[in-house]
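Have a look at the structure below, then the notes.
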Amino acid sequence: MSMPQRKRLGDILVDAGLLSEEAIVQAMARQKETGHRLGQTLVELGLVTPEQLAAALSAQLGIPYVRLSDYSITPDLITKIPERVARQHKLVPIEEVAGKLVVAVADPLDITALDDLQLMLGLEIEPVIAAESDVIRSIDQYYGTPTQTVEEVLQEMTGDDIKLITDVDGVLGGGTEQVGSETPVIRLVNMVILQALRDRASDIHIEPFEHRFQVRERIDGVLKDLPSPPRALQAGIISRVKIMADLNIAENRLPQDGRIRVKLAGKEIDIRVSCLPTMFGESIVLRLLDRTAAILSINDLGFQEDDAKKYRDNLGASNGIVLITGPTGSGKTTTLYAGVTEVNSPDVKLITVEDPVEYEIKGLIQCPVNEKVGMTFASALRAILRQDPDIILIGEIRDAETASIAIQSALTGHLVLSTTHTNEAAGAITRLIDMGCEPFLLTSSIRAIVGQRLVRRICPACREQFDPKPDDLKKLGKRMEDFRAQQFFRGRGCAECAMTGYRGRVGVYEVLVLNNEINDMIVEKQPANLIHKKAMELGMRPLREDGWAKILQGMTTIDEVLRVCPIETGVAIQD
């Protein structure tokens with residue numbers, strides 16, 4: 001909403017006789033160092049009280065200032081906003097008037113939080129300002145005192161929380177190093193890893209900026225902020241992660257990759273570490289892999305029945321290549337392992353070469369890539385072929401040499417399962433041709449290509465029916481008038497899903513099975529979009545159509561499918 005020209009916060013405090021001009025200059029200098037807002041900086045320096053700041057913000061923004069002790073907040077009001085949201089954004093509901101929810105906020109400039117709250121609750125939000133200390137006191141009073149603060153967790157964490165698994169001569173499980181709690185930095189790194197595991201996160205991002213040090217976690221494919229550590233701990237945290245990953249802590253000018261193996265509550269977690277130099281320090285991404293997690297079956301992945309049958313039929317072949325393709329983090333490895341467990345039996349010799357070994361599967365011989373000693377995909381594959389395998393799993397075909405050996409393996413009586421990074425199934429063909437593979441060899445070896453993405457599932461705890469916008473349906477190539485009787489669902493947002501409306505993910509797939517017509521196009525080096533179009537004519541369900549099927553089944557939302565699935569596979573409405 002538009003606001004009239006307002007006085008600066010500092011001028012209001014000076015006019016009220018609470019601060020001098022010199023104090024404002026001092027606070028602004030401090031603000032440049034910390035990146036915090038001026039009001040927060042003034043409180044940190046002890047120049048104003050939280051109450052004085054709240055009153056000044058009220059005068060500046062024209063938003064009423066309240067004392068929460070004047071309100072009797074009912075349990076019904078409290079249940080409207082989850083505790084996690086209240087604590088994260090420092091806000092508390094105080095009354096409901098004429099369909100509006102009045103919310104006391106410590107930071108009225110956090111417009112995004114208020115807009116998100118309004119969208120999730122379906123109520124108009126009317127903010128009022130309260131002192132931050134007053135808001136936190138009310139949250140503790142009505143939601144209950146939090147079980148532990150960050151500082152308490154740091155103090156209480158012991159070496160028993162995480163054990164660092166060391167390698168002996170490159171063999172996993174050579175021993176364990178007790179990770180103690182000697183310093184706050186070690187305890188803080190432990191806490192971030194523990195929090196990410198509790199939240200089902202797939203990645204942790206540790207990112208340095210000019211005035212702040214940011215930590216985020218990726219849950220169900222979407223990034224979410226964690227409490228930012230003090231910037232003074234930046235160098236220590238980065239060094240600690242690099243030590244755990246056995247990286248060179250003295251080298252901060254070149255990218256480095258490493259691996260951390262930890263044991264937590266009897267479970268082994270493999271963490272891939274990527275370290276990238278930036279303007280303000282090294283950015284680190286940790287990918288969390290639970291090597292002891294249960295492997296999903298093909299039935300659990302989200303395949304439609306006909307696509308599942310195509311995948312299974314090709315897994316049952318005695319030779320050839322079955323490829324899984326999609327961008328990073330699209331669930332390719334999970335689909336690959338589901339297929340491997342389907343064909344894994346005592347009468348079959350199955351060997352894998354992976355970077356890294358993400359899951360342990362009984363009955364498989366699993367070889368990790370170790371490029372430092374020359375154990376690449378290509379060198380491992382050459383050795384594997386001398387081990388008399390029936391089925392070979394290659395974690396990823398990423399170069400011409402690996403692709404060539406995979407094709408030769410398929411042509412000499414082996415079934416090869418692998419992945420590539422392309423946007424859709426047909427793109428895998430042109431990718432391999434770009435690597436230098438002969439088209440006639442691809443048609444002789446590749447049996448099927450599975451393209452995939454992951455979309456978030458609607459949270460079952462807050463799933464509700466709603467009416468979509470006709471324009472959203474049009475983006476998927478659908479007409480509103482054709483689906484008047486169809487029920488559509490979304491997640492309202494609740495404590496179970498951290499107000500996102502989603503919990504967990506499910507795959508969307510397209511299965512391209514090669515036949516004579518497709519093979520002729522490959523030999524002629526036709527572009528991927530024409531191969532894709534021909535496959536659709538022959539009955540392939542593209543990614544967006546599979547996503548649409550899951551929308552109709554009430555599993556996911558229109559927004560998710562539009563966000564994740566490439567637009568090239570959509571079918572435009574003909575006017």
Side-chain angles (χ1 to χ4, degrees), residues 295 298 307-325 332-333 335-355 357 359 361-369 375-420 422 425-426 428-433 435-451 511-523:
I295 307 298
I298 292 175
D307 283 345
K309 184 177 186 303
K310 291 177 189 175
Y311 186 34
R312 283 194 171 96
D313 288 348
N314 285 282
L315 288 172
S318 59
N319 59 72
I321 297 175
V322 177
L323 286 175
I324 314 293
T325 186
K332 299 186 299 295
T333 303
T335 303
L336 204 60
Y337 274 107
V340 166
T341 55
E342 189 111 344
V343 298
N344 185 22
S345 63
D347 59 341
V348 170
K349 172 95 169 186
L350 209 161
I351 305 179
T352 79
V353 51
E354 306 166 65
D355 183 24
V357 175
Y359 302 97
I361 304 178
K362 188 177 180 181
L364 266 65
I365 296 175
Q366 296 176 270
C367 308
V369 166
M375 178 72 163
T376 63
F377 277 113
S379 62
L381 275 173
R382 281 192 290 268
I384 282 172
L385 290 172
R386 295 192 289 272
Q387 293 272 316
D388 187 29
D390 296 299
I391 301 174
I392 302 169
L393 185 152
I394 307 170
E396 181 188 347
I397 295 177
R398 60 174 68 156
D399 55 55
E401 190 177 9
T402 305
S404 175
I405 298 172
I407 291 170
Q408 295 304 321
S409 302
L411 294 175
T412 53
H414 303 87
L415 179 64
V416 178
L417 311 177
S418 189
T419 71
T420 58
T422 60
I429 301 291
T430 51
R431 171 87 173 115
L432 291 170
I433 292 174
M435 284 185 188
C437 298
E438 291 291 346
F440 70 90
L441 291 177
L442 297 179
T443 60
S444 303
S445 56
I446 295 178
R447 289 185 167 275
I449 306 170
V450 179
V511 182
L512 171 59
V513 179
L514 273 64
N515 59 16
N516 291 336
E517 291 183 70
I518 300 290
N519 286 340
D520 289 344
M521 296 181 74
I522 293 172
V523 171

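Residues: numbered from 1 along the sequence shown. Only heavy atoms go into these numbers, but all of them, side chains included; no hydrogens, no water, no symmetry mates.
- When the side-chain hydrogen bond (donor to acceptor under 3.5 Å, both in side chains) test is applied to Gln387, no partner is found at least two apart in sequence or on another chain.
- Taking all atoms of both residues into account, the shortest heavy-atom contact from Pro368 to Met375 is O-CG, 3.7 Å.
- Among Val343, Leu315, Val340, Thr352, the one residue that satisfies the side-chain contact (heavy atoms from CB on, under 4.5 Å) test with Ile391 is Val343.
- Residue Tyr311 comes nearest to Leu336 through the heavy atom pair OH-CA, 4.0 Å, listed as atom of the first residue, atom of the second, then distance.
- Side chains of Asp390 and Leu350 form no contact here, defined as non-hydrogen atoms less than 4.5 Å apart.
- Here the closest heavy-atom approach between residue Ser409 and residue Leu385 is recorded as OG-CD2, 3.4 Å.
- Taking OG of Ser418 as the start and CD1 of Ile449 as the end, the distance is 11.5 Å to the nearest 0.5 Å.
- Looking at Gln366, its side chain does come within 3.5 Å of a backbone N or O of Ile361 through a donor-acceptor pair.
- With sequence neighbours excluded, the residues forming a side-chain hydrogen bond (donor to acceptor under 3.5 Å, both in side chains) with Thr402 are Asp399, listed by chain and number.
- Ser445 approaches Ala410 most closely through the heavy-atom pair CB-CB, 3.9 Å.
- Residues Ile351 and Lys349 approach most closely at CD1-CE, 3.8 Å, considering heavy atoms.
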Applying side-chain contact (heavy atoms from CB on, under 4.5 Å) to Thr420 and Met435, what does each step give before you reach the verdict? CA-CA 12 Å; Thr420 58; Met435 284 185 188; 5.7 Å; no
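- Shortest non-hydrogen contact noted between Pro389 and His414 is O-CD2, 3.0 Å.
- Under the side chain to side chain contact (heavy atoms under 4.5 Å, CB included) criterion, Ser444 pairs with Leu411, not counting sequence neighbours.
- Partners of Lys309 according to the salt bridge (charged side-chain N to carboxylate O under 4.0 Å, His left out) rule, which considers only residues two or more places apart in sequence or in another chain, are Asp313.
- Counting heavy atoms from C-beta on, the side chains of Leu432 and Ile446 come closer than 4.5 Å.
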Determine all donor-acceptor pairs shorter than 3.5 Å in which one atom belongs to a side chain in residues 436-443; sequence neighbours excluded.
{"residue": "Thr443", "atom": "OG1", "partner": "Phe440", "partner atom": "O", "Å": "2.9"}

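- Atom CE in Met521 sits 13.5 Å away from atom CG in Asn516 (nearest 0.5 Å).
- A donor-acceptor pair under 3.5 Å links the side-chain atoms of Thr419 to the main chain of Gly395, judged by distance alone.
- Remark: the backbone N or O of Lys362 is paired with a side-chain donor or acceptor of Asn344 at under 3.5 angstrom.
- Under the salt bridge (charged side-chain N to carboxylate O under 4.0 Å, His left out) criterion, Arg431 pairs with no residue at all, not counting sequence neighbours.
- For the pair Ser379/Arg382, a side-chain contact is recorded, criterion being any heavy-atom separation below 4.5 Å from C-beta on.
- Considering only heavy atoms from C-beta on, Arg447 comes within 4.5 Å of Asn319 through its side chain.
- The side-chain heavy atoms of Leu323 and Ile397, taken from C-beta on, include a pair separated by under 4.5 Å.
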